[in-house]
Structure formats: structure tokens, C-alpha cells
2 protein chains.
Amino acid sequence: MLNQPSLRMTRQRQVILEELRKVNTHPSADEIYEMVRKRLPRISLGTVYRNLEILSENGEIQKLELGCSPKRFDGVAEDHYHIRCLDCNRVIDSPPGFDVCVTHELTENTDFKIIGHKLEFIGFCPTCLNRPQTC
Amino acid sequence: MLNQPSLRMTRQRQVILEELRKVNTHPSADEIYEMVRKRLPRISLGTVYRNLEILSENGEIQKLELGCSPKRFDGVAEDHYHIRCLDCNRVIDSPPGFDVCVTHELTENTDFKIIGHKLEFIGFCPTCLNRPQTC
DNA sequence: TTTGCTGCAAATCCTTTGCAGAGGT
DNA sequence: ACCTCTGCAAAGGATTTGCAGCAAA
């Protein structure tokens with residue numbers, strides 16, 4: 001879509017990528033900032049945002065389009081589905097071995113050119129399920 | 001989930017609901033504010049946000065959990081899918097008559113209690129498809 | 001009359017951006 | 001050397017909230 005500018009693998013970009021790929025918690029930009037700061041104490045939050053944007057534009061990582069804020073990031077670039085807890089917002093990868101068949105035949109019934117879909121499962125995580133109700 | 005407080009159908013709440021149900025454009029809070037303001041010139045944006053929240057909590061409308069900001073609202077409370085244009089962010093209801101089968105067998109492979117899913121198709125709307133490229 | 005609701009404005013949260021200097025290639 | 005990238009800080013967009021008065025029930 002865009003002309004690719006020549007990118008540089010700076011220390012900051014490298015560490016952000018490494019730290020994000022260490023975890024499977026789908027952290028927010030701010031959480032990634034805290035993780036990276038342990039190795040690069042002088043990095044700024046703006047730099048983290050800028051690099052997450054660039055890395056996801058280049059397909060190294062994913063910016064998750066979930067219905068919650070702040071946005072979350074995934075070090076696994078390959079498309080896969082997620083399950084989000086409605087209570088604590090924890091996000092996990094959906095396990096393999098279940099069927100999702102979303103037909104794209106849809107294209108014939110609309111003027112839109114469909115290029116994909118976003119699917120997110122919602123529910124409650126074990127922790128929130130077992131916690132006694134607060135009210 | 002919560003104890004339901006006794007709600008009042010104020011003029012503001014009524015008009016917000018009416019205006020939202022007139023359209024199928026899935027407007028944002030700010031767009032709804034502009035629509036409602038023609039009938040209630042002194043209404044505030046805060047009131048619009050508060051009422052949209054209350055109405056969606058009570059199942060009168062839907063707050064759409066799409067991967068775009070600002071959030072959009074739907075006067076149709078029944079669950080249905082949407083198609084969003086990646087370019088202009090226009091959102092339309094997905095037409096009936098196509099197959100989506102998302103099995104919830106998923107529950108057996110995870111500790112989460114799955115209660116539903118969010119599915120959004122993405123693509124390009126006719127207007128954006130036909131517009132000459134800007135670059 | 002009760003108490004949920006409103007308008008207003010300030011605050012908050014998340015994210016982006018302008019700038020001058022640093023650092024990859 | 002070139003030019004992208006950085007830290008800093010300020011700006012920006014979207015949404016929430018405190019408060020004193022208003023108005024449904």
C-alpha cells in the first residue's frame with residue numbers, strides 16, 4: 001500500500017520486538033514500555049508507540065483490533081483468534097482444534113470488496129469465574 | 001449482573017434513542033450528538049455519552065466493539081454482523097443469506113467460559129474502491 | 001418529594017506529533 | 001554523510017466525571 005521506507009533496526013526497535021515475543025499476554029503499549037524499560041531505562045513511551053506501529057505495518061507483529069482500550073499487541077504475526085475475558089480483559093490465544101468456518105460468499109451479496117474478518121471470542125477467564133461476586 | 005437502578009425516560013434519553021433508530025449508519029457519540037442537537041439544542045455531549053452507555057447496558061441499543069475509534073452505536077439491539085471499510089471506516093450491516101458457522105466447541109479446549117463472539121468483516125466500500133488512488 | 005438526570009467544564013486516558021540532536025547504514 | 005530514529009514534552013481526540021440545580025416518577 002505504501003512505499004516502504006528503508007527501515008533501521010535500532011536497539012530500541014530490537015528490544016521492543018524481543019520483549020513482545022517473550023510473552024503471550026498480548027500487552028498494551030504501556031505494558032510493553034514497562035517491560036522494555038528494564039533493559040533500556042531511557043526509552044520513551046512515544047518511541048514504543050512509534051515502533052509498535054512500524055513493526056505492525058511491516059507484519060512483524062500484530063496490533064490487535066479488539067473492542068477494548070488500550071490497544072494490545074501480539075508478537076505472533078500469523079493470523080489467529082483470541083478469547084477475551086469480559087471482566088478483567090485478559091486475552092489468550094484461542095486453542096487449536098475447533099472449527100471456525102466463515103464463508104466469504106458474502107462478497108456476492110454486497111458491494112463491498114471483502115478481504116477478511118476479525119473474530120474474537122468473549123467470555124470469562126477462570127480467575128474471574130471463581131472470584132466471589134463483589135455485589 | 002448489576003442491580004438495576006430505576007431508570008427514567010427523560011426527554012434527552014428518548015430523543016437519543018429515536019434518532020439512533022432512524023439511521024443505519026452506526027454513528028459515533030459525536031455524530032449522535034449533532035443529530036440530537038437539532039431537536040434539543042441545549043443537550044450536552046456528556047449527556048449523550050451517559051445515555052448511550054445506559055441504553056446499551058440495558059439492551060436497548062448496541063455499543064459496537066469494532067477495532068476502530070471513536071466507538072459506534074447501533075439502534076438495532078439484536079446481534080448481527082457488520083462490514084467495515086478499511087479506508088473510510090463506513091460500517092454497514094452484513095446482508096443475510098450467507099453462512100457463518102462458528103462452533104463454540106471451543107469451550108472444551110479452554111478454561112474460559114465462552115459466552116459469545118464478535119465477528120466483523122473488513123474490506124473496501126464501493127466509494128473507496130472506485131476512487132482514484134491518491135499516491 | 002425523592003433521587004436519578006442534566007449542562008457545564010474540567011479531568012482523564014490513550015495516542016500522536018514537532019523538534020533538535022543522536023545514531024544506524 | 002545521509003536520513004531515520006530518538007527523547008522530551010506538548011498537543012490531540014475520545015470519553016468520563018464532579019457538581020449544583022432540574023425534573024421524572
Side-chain angles (χ1 to χ4, degrees), chain A residues 2-20 26-58 60-73 84 88-89 91, chain B residues 2-20 26-58 60-73 84 88-89 91:
Chain A
L2 296 172
N3 287 339
Q4 187 97 333
S6 51
L7 295 177
R8 291 175 185 173
M9 185 49 74
T10 60
R11 181 101 182 97
Q12 289 87 338
R13 187 164 299 163
Q14 180 70 48
V15 172
I16 289 169
L17 191 53
E18 283 174 13
E19 291 300 312
L20 180 55
H26 314 86
S28 65
D30 200 68
E31 287 165 345
I32 294 166
Y33 173 56
E34 291 304 332
M35 289 153 60
V36 168
R37 218 138 73 108
K38 290 175 185 151
R39 292 173 59 188
L40 302 175
R42 297 191 48 75
I43 198 173
S44 75
L45 182 55
T47 295
V48 172
Y49 271 105
R50 272 184 291 228
N51 277 303
L52 290 171
E53 192 59 39
I54 289 170
L55 288 168
S56 65
E57 276 174 3
N58 283 274
E60 299 282 339
I61 65 172
Q62 271 190 81
K63 184 198 276 191
L64 300 186
E65 302 223 331
L66 308 177
C68 59
S69 184
K71 284 224 162 38
R72 291 159 161 278
F73 297 85
R84 172 165 57 97
C88 68
N89 269 329
V91 172
Chain B
L2 295 172
N3 289 339
Q4 188 96 334
S6 53
L7 296 176
R8 292 176 185 173
M9 185 49 74
T10 60
R11 181 102 183 94
Q12 288 87 340
R13 188 164 298 162
Q14 180 70 47
V15 172
I16 288 169
L17 192 52
E18 285 173 13
E19 291 300 312
L20 181 55
H26 314 87
S28 65
D30 200 68
E31 288 165 344
I32 295 166
Y33 173 56
E34 291 303 332
M35 291 154 58
V36 168
R37 217 137 75 107
K38 290 176 185 150
R39 292 173 59 189
L40 302 175
R42 296 191 48 75
I43 198 173
S44 75
L45 182 55
T47 295
V48 172
Y49 271 105
R50 273 185 290 227
N51 276 303
L52 290 171
E53 192 60 39
I54 288 169
L55 288 168
S56 66
E57 276 174 4
N58 282 274
E60 300 281 340
I61 66 171
Q62 271 191 82
K63 185 199 272 191
L64 299 187
E65 303 223 328
L66 308 176
C68 60
S69 184
K71 284 223 163 38
R72 290 159 163 278
F73 297 85
R84 171 164 59 95
C88 68
N89 270 328
V91 172

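Below, chain A is the first sequence line, B the second, and so on; all start at residue 1. Please read all numbers here as calculations on a predicted model, not as lab measurements.
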### Query
Can you tell me how far C1' of dT6(D) sits from CZ of Arg37(A), to the nearest Å?
16 Å
### Task
Please report, rounded to the nearest Å, how far the C1' atom of dT6(D) is from the CG atom of Leu55(A).
15 Å
### Message
Distance check, rounded to the nearest 0.5 Å: Arg72(B) atom CZ versus Leu52(B) atom CG?
### Response
13.5 Å
### Task
May I ask you to decide whether Lys63(A) forms a salt bridge with Glu57(A), counting only side-chain N to carboxylate O separations under 4.0 Å?
no
### Task
Report the distance from atom OH of Tyr33(A) to atom C1' of dC13(C), rounded to the nearest whole Å.
16 Å
### Query
Between CD1 of Ile61(A) and CD1 of Ile16(A), what distance do you get to the nearest 0.5 Å?
8.5 Å
#### Entry: Rounded distance (Å) that lies between atom P of dT16(D) and atom CD of Glu57(B)
10 Å
### Nucleotide-resolved protein contact map, nucleotides 15-25 of chain C, B/S/- at heavy-atom distance under 4.0 Å
BBBB----BBS
### Query
Rounded to the Å, how far apart are Arg42(B) CZ and dG21(D) C1'?
13 Å
### Message
Using a strict threshold of under 4.0 Å (side-chain N to carboxylate O), is an ion pair present between Arg39(A) and Glu18(A)?
### Response
yes
### pair Arg37(B)-Tyr33(B): side-chain heavy atoms closer than 4.5 Å
yes
### Leu52(B) CG - dT15(D) P separation (whole Å)
10 Å
### Query
Ile16(A) CD1 to dT6(D) C1': how many Å, rounded?
11 Å
### Query
Is there side-chain contact between Arg50(B) and Gln12(B), with at least one heavy-atom pair below 4.5 Å?
no
### Query
Can you check the Glu34(A) CD to dC14(C) P distance for me, whole Å?
13 Å
